[in-house]
Amino acid sequence: MCRSIKTLRPPVLAEEATEDEIRAAALQYVRKVSGFRAPAAHNREVFERAVDAVAEATAELLAELEVRGSARSAARSAAPGGG
């Protein structure tokens, strides 16, 4: 039905995930959970809202994750007021 959702955080992904990568993962998730590859016209709006919500939650998660031992984490800790 759908391909696997890939990991979107460093160091698995060399750079920060793009908006397109986050949206693609959200779409895959909603497709899998709903059981629909493409929603019927009467479900299109709720399907798109779900994709938007999952994409937003994913972007927030990736922005706030602290991956210990990664270069990103070290850079954050070295920054003034960093973690």
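For clarity, every value in this text was computed on a predicted model and none was experimentally measured. Residues: numbered from 1 along the sequence shown.
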Interatomic spacing from NZ in Lys32 to CZ in Arg37 - rounded to 0.5 Å: 12.5 Å
Minimum-distance pair of heavy atoms, taken over all atoms of Ala55 and Ile22: O-CG2, 3.4 Å
Can you give each donor-acceptor pair under 3.5 Å made by side-chain atoms of residues 45-53, sequence neighbours left out, with the distance rounded to 0.1 Å?
unit_1: Glu45; atom_1: OE2; unit_2: Arg49; atom_2: NH1; d: 3.0
unit_1: Glu48; atom_1: OE1; unit_2: Arg23; atom_2: NH2; d: 2.7
unit_1: Asp52; atom_1: OD1; unit_2: Arg23; atom_2: NH1; d: 2.6
unit_1: Asp52; atom_1: OD1; unit_2: Arg23; atom_2: NH2; d: 3.4

Nearest atoms (heavy-atom pairs only) where Glu21 meets Glu16: OE1-O, 4.4 Å
Pairwise distance OG1(Thr58) to CG(Leu62) - rounded to 0.5 angstrom: 6.5 Å
Glu56: partners by side chain to side chain contact (heavy atoms under 4.5 Å, CB included), with sequence neighbours left out: none
